[in-house]
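Whatever order the structure lists them in is the order used to number ligands and atoms, beginning at 1.
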Amino acid sequence: MIVMKFGGTSVGSKERFEQVFALISKTKENDGPPLVVVSAMSGVTNALIEAANLAVRRDLDGALAQIEMIRQKHIDAVKGLLSAEKAQALLADLNIHLQELESVLRGINYLGELSKRSLDVVSSIGELLSSRVLAEYASSRGLKVQWVDARQVLITDDTFGKANPLWAEVEIRAKKIIGAAVKDGFTVISQGFIGSTIDGVTTTLGRGGSDYSASILGVAADASRIEIWTDVDGMMTCDPRIVPAAKVIAQVTFQEAAELAYFGAKVLHPLTIKPAVEKSIPVKVLNTMRPDSPGTLIQADVADSDIDPKNIPLSQRICAIASKKNITALFISSPRMLMAHGFLAKVFSVFDRHKTSIDLIATSEVSLSITIDSTENLDAIKEDLAEWGELKVLNNTAIVTVVGRQFRGSSGIAGEVFSAMKDINILVISGGASDINLSFLVLNEDADNAVKQLHKHFFGA
Ligand code: ADP
Ligand code: ASP
Ligand code: MG
């Protein structure tokens, strides 16, 4: 079974739904019925989150206006796809979700309180709507379809806003619900991004989490391939919004793709790769708008590790450049820890205690630079760190990452990278932690320029 995940732009309009249907049908003909995982129509998750924020700020009219915008977007898509009768039945069905949304928003507004748990209920609606539209349309075109509520299968813990799958439960349910339907010849259409606790409370996997859903469900249902259908031709040498001349990478290893996703290549959610690696399920990134372009294949390393890195030209060892903005840097200096053991352990335990993951680190004898992505618990972290030394915090920084092969076993990479950065102020450097990654920190405002310069240096204009 193949998993086909379609992102927001891929289901962004009537025409896109038609395109998606054509792709699903083709896969069904060639490889049997797929599991289809869809995101919300583009812009809908943002509108839902905005609605919740307006409601809690006591702007109920503004929140309800967001619902109307979402309703209209779906009406516009449905109109051209279905007969008047079928469209009416579907819109009545979508209305049930929109009415539930309105009740939740009224509740948030009334209480003036928005918990992560409530926000998950609100933001889950987009995927429920888009998947219903696709399922009804595909079914009206004669495809044998089963719509599956992902909340019956993708069981998670209760970390609302960033839930983690409970694998044993997901595997049982994926085989029972998805596996059985596919075996009976049904194309299964379900939602990305959303799940549920074992007690039936709606959760989400975090922004961009539909890719992760595809991978979780694919692994749990023993898929042979996971396809991520999006709005670009594959994983590229950098974000094409920064450098329009970025090139598609035909093949990357699981490790390279994971590093790129983690350090900012939005095309894949950073957690997508891990489950697939564990079961060696290849992942393909493909363009819904240009389905004939070959895309990017992500799979286990096929490179011959016996080749002396010195014999591989530098240009062939650099895979891609990624950047991640709005990072917070913490500079900790503790002269009284000179020659003392346990300094790092004490500092890291602070981040552990406040459930904040660290991206980059650089150390000297008594100083430590750390970057974090989430500032949710920053105040508590600052308070605890103050005990260990002097602390400086710098917001609005960006990590720039060069990903490639065999960085450790060869000379020249750092020289090439930093010669391209000669006009840019580098705040922190982190290299050598892995054989495939060299990262450094710059100010947000310098990040795009850094990516452009590096791209020009390694891949041409
Ligand atoms: P979807 O809605 O299909 O999940 P996303 O917007 O989440 O799509 O991801 C696709 C976008 O990721 C692209 O439009 C592109 O701008 C951005 N992107 C960032 N880095 C890369 C990269 N290295 N390769 C391809 N796309 C990238
Ligand atoms: N719709 C969700 C979001 O916008 C999940 C996704 O698209 O992957 O974050
Ligand atoms: Mg995405």
Side-chain angles (χ1 to χ4, degrees), residues 4-13 16 19-20 37-50 70 119-120 122-131 150 154 161-163 190-195 203-217 226-250 252 256-272 283-290 293 295-296 298 318-325 399-403 447-448 451 454-455 459:
M4 304 176 81
K5 177 261 167 177
F6 293 94
T9 321
S10 303
V11 290
S13 65
R16 294 281 90 86
Q19 181 77 33
V20 166
V37 173
V38 287
S39 290
M41 291 182 78
S42 55
V44 169
T45 309
N46 284 347
L48 288 164
I49 293 170
E50 175 67 3
I70 293 168
L119 186 60
D120 274 359
V122 171
S123 57
S124 69
I125 304 286
E127 270 72 9
L128 291 166
L129 299 176
S130 62
S131 63
L154 214 162
K162 211 181 177 183
S190 191
Q191 310 80 43
F193 184 53
I194 71 172
T203 56
T204 70
L205 306 181
R207 295 307 306 270
S210 294
D211 304 327
Y212 189 27
S213 299
S215 156
I216 296 168
L217 296 174
I226 296 162
E227 296 179 349
I228 305 293
W229 290 87
T230 184
D231 60 358
V232 285
D233 279 350
M235 284 201 102
M236 307 181 88
T237 47
C238 77
D239 187 342
R241 282 172 304 188
I242 301 174
V243 179
K247 299 178 177 82
V248 180
I249 315 165
V252 291
E256 287 164 338
E259 293 278 324
L260 285 171
Y262 186 74
F263 285 106
K266 191 187 168 225
V267 65
L268 271 189
H269 184 279
L271 295 174
T272 311
V283 178
K284 268 204 118 173
V285 182
L286 294 149
N287 189 344
T288 307
M289 277 58 93
R290 289 167 24 103
S293 55
T296 299
I298 307 168
I318 303 298
C319 166
I321 297 141
S323 61
K324 194 162 138 184
K325 286 186 182 159
I399 298 174
V400 178
T401 299
V402 179
V403 171
D448 286 359
V451 171
L454 284 167
H455 197 273
F459 302 102

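Of the listed residues (Val38, Thr230, Val37), just one forms a side-chain contact (heavy atoms from CB on, under 4.5 Å) with Phe6, and that residue is Val38. Results of the side-chain contact (heavy atoms from CB on, under 4.5 Å) test with Val285 over Thr272, Val267, Val248 single out Val267 as the only residue that passes.
For atom 4 (O) of ligand 1, the closest heavy atom belonging to the protein is Lys5 NZ, 3.0 Å. Of all protein heavy atoms, the one lying nearest to atom 23 (N) of ligand 1 is Met236 O, 3.1 Å. Looking only at heavy atoms of the protein, atom 25 (C) of ligand 1 is closest to Gly234 O, 3.3 Å. Looking only at protein heavy atoms, the nearest one to atom 4 (O) of ligand 2 is Arg207 NH2, 2.9 Å. Protein heavy atom at the shortest distance from atom 6 (C) of ligand 2 is Ser210 OG, 3.3 Å. The protein heavy atom nearest to atom 2 (O) of ligand 1 is Gly8 N, 3.2 Å. Looking only at protein heavy atoms, the nearest one to atom 7 (O) of ligand 2 is Ser39 OG, 3.2 Å.
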Exercise. Under the side chain to side chain contact (heavy atoms under 4.5 Å, CB included) rule, what do Val243 and Met236 come out as? Steps first, then yes or no, please.
Key: CA-CA 10 Å; Val243 179; Met236 307 181 88; over 6 Å; no
Self-check item: Criterion salt bridge (Lys or Arg N to Asp or Glu O under 4.0 Å) on Asp233 and Arg290, from CA distance to verdict
Solution: CA-CA 7 Å; Asp233 279 350; Arg290 289 167 24 103; 2.6 Å; yes
Exercise. Could you walk me through whether Ser323 and Asp239 pass side chain to side chain contact (heavy atoms under 4.5 Å, CB included), step by step?
Key: CA-CA 8 Å; Ser323 61; Asp239 187 342; over 6 Å; no
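By the 3.5 Å distance cut-off applied to N or O atoms, Lys266 is counted among the residues near ligand 1. Annotation: Thr45 places an N or O atom under 3.5 Å from an N or O atom of ligand 2; distance criterion only. Of the polar atoms of Gly208, at least one N or O is found under 3.5 Å from an N or O of ligand 2, judged by distance alone. Considering backbone and side-chain N/O of Pro240, none are found under 3.5 Å from N/O of ligand 1. On a distance-only criterion, Asp231 and ligand 1 share at least one N/O pair closer than 3.5 Å.
Distances shorter than 4.0 angstrom occur between a heavy atom of Glu127 and an atom of ligand 2. Note on ligand 2: Gly7 sits outside its first shell, no heavy atom being nearer than 4.0 Å.
For the residue pair Asp120 and Thr204, a side-chain donor N or O sits within less than 3.5 Å of a side-chain acceptor on the partner. There is a side-chain donor-acceptor pair under 3.5 Å between Gln191 and Ser131.
Ile70 has its side chain out of reach of Met41: every pair of non-hydrogen atoms, C-beta onward, lies at least 4.5 Å apart. Looking at heavy atoms from C-beta onward, Met289 lies in side-chain contact with Thr9 at the 4.5 angstrom threshold. Counting heavy atoms from C-beta on, the side chains of Ile298 and Leu268 come closer than 4.5 Å. The closest side-chain heavy-atom distance from His455 to Thr237 is below 4.5 Å. By the 4.5 Å heavy-atom criterion applied to side chains, Cys319 and Ile249 are counted as neighbours.
The ligand atoms of ligand 2 that sit less than 4.0 angstrom from a heavy atom of Gly209 are 5 (C), 8 (O). Atoms of ligand 1 lying under 4.0 Å from at least one heavy atom of Cys238, given by number and element, are 22 (C), 23 (N). Near Arg241, the atoms of ligand 1 lying under 4.0 angstrom from a non-hydrogen atom of the residue are 16 (O), 17 (C).
The residue among Asn287, Val243, Thr230 with a heavy atom at the shortest distance from atom 3 (O) of ligand 1 is Thr230. For atom 15 (C) of ligand 1, the candidate residues are Val451, Val267, Asp239, Val248; the nearest heavy-atom contact is made by Asp239.
With a 4.0 Å heavy-atom cut-off, ligand 1 is reached by the backbone of Met235 but not by any atom from C-beta on.
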